[in-house]
Enquirer: 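Structure below; questions to follow.
Indexing begins at 1, ligand by ligand and atom by atom, following the structure's order.
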Amino acid sequence: MSGRPPLSGHFPNQFPQSGEAKPIGTVVQGSLSEGLEVRLNPDVSVEEMRVGKFCVVYGRRTRFFSMLTDVTLGTASPKILMNPPAPGDDFLFEVLAGTGTFGTVKLTPMLMFETVGGQSELRPVKTIPSHFSQVHEATSYDFQLVFGSEDNPEKKNFFIGQPLDTDVPVCLDLERFVERSNGIFGKSGTGKSFLTRLILSGVIKKEAAVNLIFDMHSEYGWEAVKEGKDASAVKGLRQLFPGKVQMYTLDPESTRRRGVRDARELYISYDQIEVEDLSLIRGELNLSEASIENANILKHEFGRNWIGTLLGMGGGELQEFCEQHGAHFGSTIALQRKLLKLENLRYIKPVSANNYIGEILDHLSAGKNVVVEFGSQGSLLSYMLAANILSRRIHEAYVRKAEQYLQTKKPADKPRQLIITIEEAHKFLDPKTARQTIFGTIAREMRKYFVTLLVVDQRPSGIDNEVMSQLGTRITALLNDDKDIDAVFTGVSGGQTLRTVLAQLDPKQQALVLGYAVPMPVVVRTRAYDETFYRQVGAQDPAEMDDDQLFREAELANHDLGF
Ligand SMILES: Nc1ncnc2c1ncn2[C@@H]1O[C@H](COP(=O)(O)OP(=O)(O)O)[C@@H](O)[C@H]1O
Ligand SMILES: [Mg+2]
């Protein structure tokens, strides 16, 4: 976008000036429920019409912002199909094109731009344009009108990508984004992690919320590998926002090896593990239902340190305990054996003196973002256990804070909006566990306690329906499985037409964005996460760097010079 937007944009019924937006065709049929059928102009090739394209229909009073959702070939007479022109018969091709043969596209109107009482505004679609209304490609002004601009000082807009066929920025409204839980979906390798890092950068940069990020593959906090011809590294959030991100690690050696010197170590002790945590990792530990029941008995008898106590018991002692308390010996001893696996997790300690939760909470309330790196401890078992324990306690503290704020109503007591990012979300939120675990609770209670989730997942069909329908904004890269595609549209009206759009995305760096943080669904080429982005978003001004960062930059500079 350059210069002032064209004046014509201000009046819903005014056509774009010539040269501004290409005319595409004419509305010939349609309904509010099924969408519009548009006959393409003879000079427009169907091959240029990709699903997901943003088009504008000029009704008499109203402009309809629409998405192209299907493309078909039409003929005026079946006779033409029985005698198609011979290959190379360009003359006949030309004669038929536009009258005998033509392309049609289906448009789904998503928003109306109309003038009510002298004010032009965007509203939900309640009607359709009349016969033979003209359809044009959207201009950059149209995009800006609908998706806003990053420069608007009154809004926390974040440029997330560009439309398929133009270079106008499409923005997410981050203030709306952080108010609900959100999802980032797509099959493996489609760009979920890149999208997540991009959006988290936006949230940090615009201070829309603070983040607690469970970084399973160590790719958000500090350098991540970029696939491609020259496998290079991209920067992590800590590198982009040195003063605003604190890293914690469950695998200090790995984190240090990767060049992070000031990550805090994090340990979890047996007495912090609840039976609820074990239910969540039941599958990973291969625990039976009976073992969980026995865990409850043990907890009841031994209190907080029941795991430590159980692990220290000999066979005879255990048998005696079971007889006395009506626990099943076979499954209790199995429980003991399986819990021994926890000893292999290097961040588990019998006891831990440090109050990590309090520390993390202090960072969050000071507006710092916290990344928890797993390093070699990124197995599902390990990831789910740590994320669940930490999130439960942080959520508890948030509930207390929020309740206090509701009583006092003092702005100083207001908790900072917190987003918790989890990967492999379906493991935490499948229909069976979502009802019992902290993540299900957070997703369902919405923003009541100022905590929401950012779930990143390649298998959305594994996520509980109720949780899916609570997700405010869904950003979805390519998915192949029908069940996963259906899941993304849970609770979305008109989801059926968007299915085709989703199925046609490129396998990389394209996404369908829909929901609360955008006025209408839109397909974007995801903004590149690269040097240009670092410059646009990062705090590269040395005045904003902390000492540690300056030191590291100096060290890197020396390194580059060959010292
Ligand atoms: N926004 C982006 N900017 C730059 N490269 C990207 C972007 N999105 C995806 N890529 C490329 O695609 C690869 C896979 O993306 P990634 O986010 O790791 O996929 P996923 O997490 O879905 O498995 C990356 O290594 C990178 O090369
Ligand atoms: Mg990934």
Enquirer: Output yes when a side-chain donor or acceptor of Asn182 lies under 3.5 Å from a complementary backbone atom of Thr473, and no otherwise.
Expert: yes
Enquirer: Counting only protein atoms, how many N/O/S atoms are less than 2.8 Å away from the Mg ion (ligand 2)?
Expert: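 Step by step: take the Mg ion (ligand 2), keep protein N, O, S below 2.8 Å, and you get 1.
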Enquirer: Can you tell me how the ring of Phe65 sits relative to the ring of Phe113, calling it parallel under 30°, perpendicular over 60° and tilted otherwise?
Expert: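 Tilted: the ring planes of Phe65 and Phe113 meet at 30° to 60°.
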Enquirer: Assess, by modelled atom type and distance only, whether the side chains of Tyr220 and Glu373 contain a donor and an acceptor separated by less than 3.5 Å.
Expert: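 No pair is found: no donor N or O on one side chain lies under 3.5 Å from an acceptor on the other.
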Enquirer: Taking NZ, NE, NH1 and NH2 as the nitrogens, is one of them in Glu150 or Arg527 under 4.0 Å from a carboxylate oxygen of the other?
Expert: yes
Enquirer: Between Glu207 and Lys244, is there a salt bridge with N-O shorter than 4.0 Å?
Expert: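 The answer is yes: the pair qualifies as a salt bridge.
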Enquirer: Show the protein residues that qualify under the rule heavy atom under 4.0 Å from an atom of ligand 1, listing them in chain and number order.
Expert: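 For ligand 1, the residues that come within the 4.0 Å heavy-atom cutoff are Lys187, Ser188, Gly189, Thr190, Gly191, Lys192, Ser193, Phe194, Lys226, Glu227, Lys508, Gln509, Thr526, Arg527, Ala528, Tyr529.
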Enquirer: Answer yes or no: is there a side-chain heavy-atom contact under 4.5 Å between Leu361 and Ile394?
Expert: yes
Enquirer: Taking NZ, NE, NH1 and NH2 as the nitrogens, is one of them in Arg392 or Glu276 under 4.0 Å from a carboxylate oxygen of the other?
Expert: yes
Enquirer: Any luck finding a side-chain donor-acceptor pair between Tyr516 and Glu179 under 3.5 Å?
Expert: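 A donor-acceptor contact under 3.5 Å links the two side chains.
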Enquirer: Do you see a donor-acceptor pair shorter than 3.5 Å between the side chains of Tyr267 and Glu265?
Expert: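 Yes, a side-chain donor-acceptor pair sits under 3.5 Å.
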